[in-house]
Amino acid sequence: MAIANRHFPVKSPLGRRDTGKSLIVSCMQYNILPPLRGMTDELCVGCRIAMGSTVTVCFMCVVVALSSGDKTDSYPLLTPPDTDIAFILRAFVELQNQWCPPWRYKKIFILNYNTDPLSVDIITAILKINEPPKILTNEWTGFHYWTFENRRCAVVMVRGSEVLQPFTPLYYGSRYFIFHPKLKDNVLLHGYHSGTSFVLERAYHILYNSTTIEIYHKNFFTNQTIQLDPSDIRVLDDLRNLHGRKLRMSLTDGSKGVTTFDEYLGETITRMRNGSFEVVDEIDTKTDYGVVNVGVPLQGTDKLIALGSTFVSVLVPRSKPKPVISVLIDPFDYNSWIALFVLIFVLAIVLSLRDNAYITTLLLADMRNSDLAAGRAYEYNLRIADTTFFKFHLIYYFFNKSLIRELFPFYIHAFYESGIFNQYYKNKSSLALLGDKTDSYPLLTPPDTDIAFILRAFVELQNQWCPPWRYKKIFILNYNTDPLSEDILTAILKNNEPPKILTNDVGGWTYWTFENRRCAVIMVRGDEAILTTSPIYYGSRYFIFHAKLKDNVLMQALDSGRSFLMDKTYHILYNRTTVEIYHKNFFTNQTIQLDPSDIRVPNDLKNLHGRKLRMALMDGGHGITTFDAYLGETIARMRNGSFEALDTIDTEIDYGVLNIGVPFLGTDKMLALGSTFISVLVPRSKPKPVISVLIDPFDYNSWIALFVLIFVLAIVLSLFGKFLSKLSVFEVALEMIMCILGGPSRTYGGWFENQLITNYCLLSIVIVSSYQSLIISYLSFVRYNSDINSADEIRNNCIFPMGSFVNRLNMQQASRNVETKDMCYIFPSRDNAHITTLLLAKMRNTSEAADRAYKDNLRIASTTFFNFHLVYYFYNKSLIRELFPFFVHAFYESGLFNQYYKNKSSFALLYKNDMFVNRAFNVGDLSIIWYLYASGAIVSCLWFMLEVTFFQCQRRVQEFKKR
């Protein structure tokens, strides 16, 4: 396929050549052989284009007269409107909300073919009230390119004087709002309604001028054009009555008469919508949709997932009885006999089939004469293997963009949810026992009465109380089998997406609607009795439909709150002529009635009428984490309520705070301001021994490098020195150490030896100076060992009591009931270290960890675990919960939360080192000198004794040799 655009001169109706106009020709070519090379003059007549000797038949050809002044360099969408178009905009918004709701069609397609100032003002206003459009163009080819497909919404601005050339009608799939200036003879509108070129079944034509507006819609099933009242727009359902329209379905691959469910579905739809149905074996231009057993998108069609599946079956030979002689072979496996026997070849023939083995068997029987695999299966008595390949959902292929496609999703979903599809083939596969009887689905019956007034009231109430863009899936519970109730429920199902659940189980009321953030429609009789129990809140938003009775027992029981506290409920009482809407405000204990013609949902939370807001602050937070109480007091003060903070949880508590940060079973949660975490209480670091000042000035690498240097110099000088070569390596190493401590102890000889010792002495001056200065600085304060802070340090150095959190953190645990010295503890806390310190001080009598932190003088490690947002836990499903999101968000955005604790507290060090400058120098601080003196004396004595012993041994050896 290709798009060809060509410009041609136009002849005026009088036969004269008009050089001020040109024709734009937009053709979609179909089956072009050879490719299009160019248009010759003059010519697109009857959709046949002459190109030299080649003639190509166009699938679509549109000829529109354009004046030479239609081209615009800029698009003046930012100019303010020159006229009052509010009345046009109001009508368009209401029509859009019903026909192309923005929550479903977020991006609209705008095509502007009219440069009139009033038209520009209208399109400017439309752009302002919608999201940025998907496309904004004034190209005529865009009409087909952008709006041919389904599931699109298009706004088209035309002049009304355009001329459409007749050709084979083609369905267009988008939903259109076509704006025409109000002319005496609107040629384009007549062309659209005639259906000779375009079949726009989903188009609403808006004719306007500066003072009035008219809205028209053509129903192609009745072939009538209707006019809508702009002040009271009601979009009609053209599919409600097909007025005898024939629905044509093609069943190929031998499925006709076998896969009868597709025929049954089509017949059901047409019977309920006043149409007719026909099944054909071939696909032609009149076919609406068809079934092809491929399960993948088919080019050029629009698809819809249907009920059933397609797959590839394998036909294999049936197994034969084993011969008696096999008893001689079976004692061993086939691998032992493979050299003696040849395996029999298996014929596997592949066939695309669908649904199940029963349907496959029927198709094989039906296609024996047209398919090779089916013929061989019958001839050789093959069977269907259990394994299938390329399994997909069954797909209906729609061969045009007709409105008919929108009939199917509701019925397919209804047949699926009701189980009719699965039951259908069960009934068909045992016809001898059950016959052709199938139970009908009562929700598919057409309504017997006019319920439009009830549906309008419900739709308006739903848009305000349970808007579909927020609650996409509704929960439907039907406890009323009255025909009028079923008609209402049928209309609700058509107006919404498929429900989340559709049930008539009494237990489903609690099971499906107890939680918050759900929207439920419940159909009741009104005479049901409820047993009196302890009142319990239900969290869903309810629409409860009651039949209008003289004494509605159920509604009185629900409003009394003796068993159920349903403070998010609207009761809709109906009969065949009237509808009434009631709502109970549990804060004022009053029931109000809403006007069905002008519904305004009240905000019950705007005034709490003295309702007390109760909060539980557990884990010692009362009086410390005061922000939670401040937030609750602010909410209560601004909404005419009162506030109370408690330390315990009872049945009257609305919400509470626990320092765990994870969902709490049986409650509803909401993210609050702050954080929770698990703190680790660790022993404080101990002072380092005084002797450590001799080692700490240099790290281990520096000490190793220094001793390696001494050892290498000792080896070099003992080998190549002039004087030191006479000494042993150890004596030279001792000499190098003496050079560092007190300088050279003797005279050396030789140039190499003197140079090496001189450079070594210069290095030793630097080393000794740095060493001495660091020792002096270390003596000026009490030094501590490193603190336990990181996760690895906690795991390696801490031992915890037995506990569940300790297991999750993979920490070391003490044996049961055994306490070790310097144990670590975990403590659930929140917000920051300062709040943790305050909580530890307050919870000394209630928490073992806090008590140990006080007795053992533990500190809080900087590393925390299980960091989460703070969570408010709501212990019932009351409407009160919906107060908090706005206030929490407002406090966060304004920065009041962070500023609150800055004003309330100031951080201080939990402990600090004992500095030398803060007190007098005493004898204890000089202990290092006594240690050094004693060590030196001991080393000197030992060295003296070693020298005496060595000298005496050497003298005795010499005396022994002289003898």
Side-chain angles (χ1 to χ4, degrees), residues 417 457-480 485 488-489 492-493 495-526 528 530-531 533-546 552 554-573 581-587 591-592 594 599 601-605 654-655 663-670 872-885:
E417 290 291 337
F458 170 75
V459 169
E460 183 60 32
L461 186 61
Q462 181 187 20
N463 288 337
Q464 297 184 43
W465 186 235
C466 276
W469 59 267
R470 177 175 293 174
Y471 301 89
K472 294 186 180 298
K473 297 288 186 180
I474 61 175
F475 295 75
I476 294 182
L477 296 91
N478 184 24
Y479 305 125
N480 190 357
S485 173
I488 296 172
L489 188 54
I492 292 174
L493 285 170
N495 198 54
N496 287 271
E497 293 188 15
K500 181 72 174 179
I501 192 68
L502 176 61
T503 181
N504 58 2
D505 183 12
V506 177
W509 191 315
T510 299
Y511 186 82
W512 292 112
T513 70
F514 180 69
E515 295 298 329
N516 281 316
R517 293 180 294 277
R518 293 182 178 181
C519 185
V521 175
I522 303 179
M523 314 297 295
V524 297
R525 298 189 308 274
E528 297 90 343
I530 298 179
L531 296 177
T533 60
S534 299
I536 182 172
Y537 283 94
Y538 275 57
S540 294
R541 297 195 167 203
Y542 293 95
F543 303 102
I544 303 181
F545 284 83
H546 309 253
N552 195 313
L554 180 62
M555 180 176 168
Q556 293 173 2
L558 293 177
D559 285 349
S560 68
R562 293 192 299 268
S563 300
F564 301 98
L565 289 171
M566 302 173 66
D567 51 4
K568 308 182 186 80
T569 302
Y570 282 84
H571 302 276
I572 303 172
L573 279 65
I581 303 174
Y582 294 94
H583 171 65
K584 172 70 176 290
N585 186 330
F586 281 84
F587 300 135
T591 300
I592 61 174
L594 280 66
I599 295 174
V601 170
N603 183 7
D604 292 352
L605 293 172
D654 291 304
Y655 71 106
F664 191 48
L665 188 63
T667 66
D668 193 30
K669 66 182 183 300
M670 188 192 76
Y872 284 165
Y873 299 94
F874 291 84
Y875 300 107
N876 56 54
K877 310 298 179 182
S878 171
L879 184 65
I880 288 293
R881 183 196 181 281
E882 300 185 10
L883 267 175
F884 284 80

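One-based numbering along the sequence shown. Given the structure is predicted, the values throughout are model-derived calculations rather than measurements.
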Run W512 and I476 through side-chain contact (heavy atoms from CB on, under 4.5 Å) and show every step you take.
CA-CA 9 Å; W512 292 112; I476 294 182; over 6 Å; no
Mark yes or no for whether E528, through its side chain, and G526, through its backbone, hold a donor-acceptor pair below 3.5 Å.
yes
How long is the span from the CG atom in L605 to the CD atom in E882, to the nearest 0.5 Å?
6.5 Å
Answer yes or no for R541 and W465: cation-pi contact, defined as NZ/CZ to six-membered ring centre under 6.0 Å and angle to ring axis within 45°.
yes
Considering all heavy atoms of both residues, which atom of A557 and which atom of S560 are nearest to each other, and what is their separation?
O-OG, 2.6 Å
Step by step, work out the side-chain contact (heavy atoms from CB on, under 4.5 Å) result for V601 and Y570.
CA-CA 10 Å; V601 170; Y570 282 84; 3.0 Å; yes
Examine distances only and state if a side-chain atom of K584 and a backbone atom of D559 form a donor-acceptor pair shorter than 3.5 Å.
yes
Spacing of CZ belonging to F586 relative to OH belonging to Y537, to within rounding of 0.5 Å
8.0 Å
Work out which heavy atom in M523 is nearest to a heavy atom in S485; give both atom names and the distance.
CE-OG, 3.3 Å
side-chain contact (heavy atoms from CB on, under 4.5 Å), that's the test. Do T503 and F475 meet it? Break it down for me.
CA-CA 9 Å; T503 181; F475 295 75; over 6 Å; no
Check whether any side-chain N or O of E460 sits under 3.5 Å from a backbone N or O of I599 as a donor-acceptor pair, and report yes or no.
no
Find out whether D654 and N876 are in side-chain contact, i.e. whether some heavy atom of one side chain is under 4.5 Å from a heavy atom of the other.
yes
Relative to each other, are the rings of Y872 and Y655 parallel, tilted or perpendicular (30° and 60° limits)?
tilted
If you round to the nearest 0.5 Å, how far is OH of Y538 from CD of E515?
11.0 Å
Heavy-atom pair of closest approach, residues L558 and H571
CD1-CE1, 3.7 Å
Counting C-beta onward and ignoring hydrogens, is there a side-chain heavy-atom pair between F545 and I492 closer than 4.5 Å?
yes
Check: I572 and L461 side chains under 4.5 Å, non-hydrogen atoms:
yes
Under 3.5 Å donor-acceptor, D567 side chain and L879 backbone:
yes
Once rounded to the nearest 0.5 Å, what's the spacing between atom CG of L477 and atom CD1 of I522?
5.0 Å
Around atom OH of Y511, are there more than 12 heavy atoms of other residues, nucleotides or ligands at under 6.0 Å?
no
OG1/T513 to CD1/I474 distance, rounded to the nearest 0.5 angstrom?
13.0 Å
Separation between NZ of K877 and CG of L565, rounded to the nearest 0.5 Å
13.5 Å
Kindly give the heavy-atom pair with the smallest separation between P468 and N463, and that separation in Å.
CD-OD1, 3.6 Å
Please give me the minimum heavy-atom distance between M555 and H546, naming the atom from each residue.
CB-CE1, 3.9 Å
For K568 against S540, the heavy-atom pair lying closest together
CB-O, 3.5 Å
P602 side chain reached by N585 side chain, heavy atoms, under 4.5 Å:
no
So W509 and Y479, would you call those rings parallel, tilted or perpendicular, with 30° and 60° as cut-offs?
parallel
Donor-acceptor under 3.5 Å (R517 side chain, Y471 main chain)
no
With no hydrogens and no angle check, just 3.5 Å: does a side-chain donor-acceptor pair link H583 and D604?
yes
Do the ring planes of F543 and F458 sit parallel (below 30°), tilted (30 to 60°) or perpendicular (above 60°)?
perpendicular
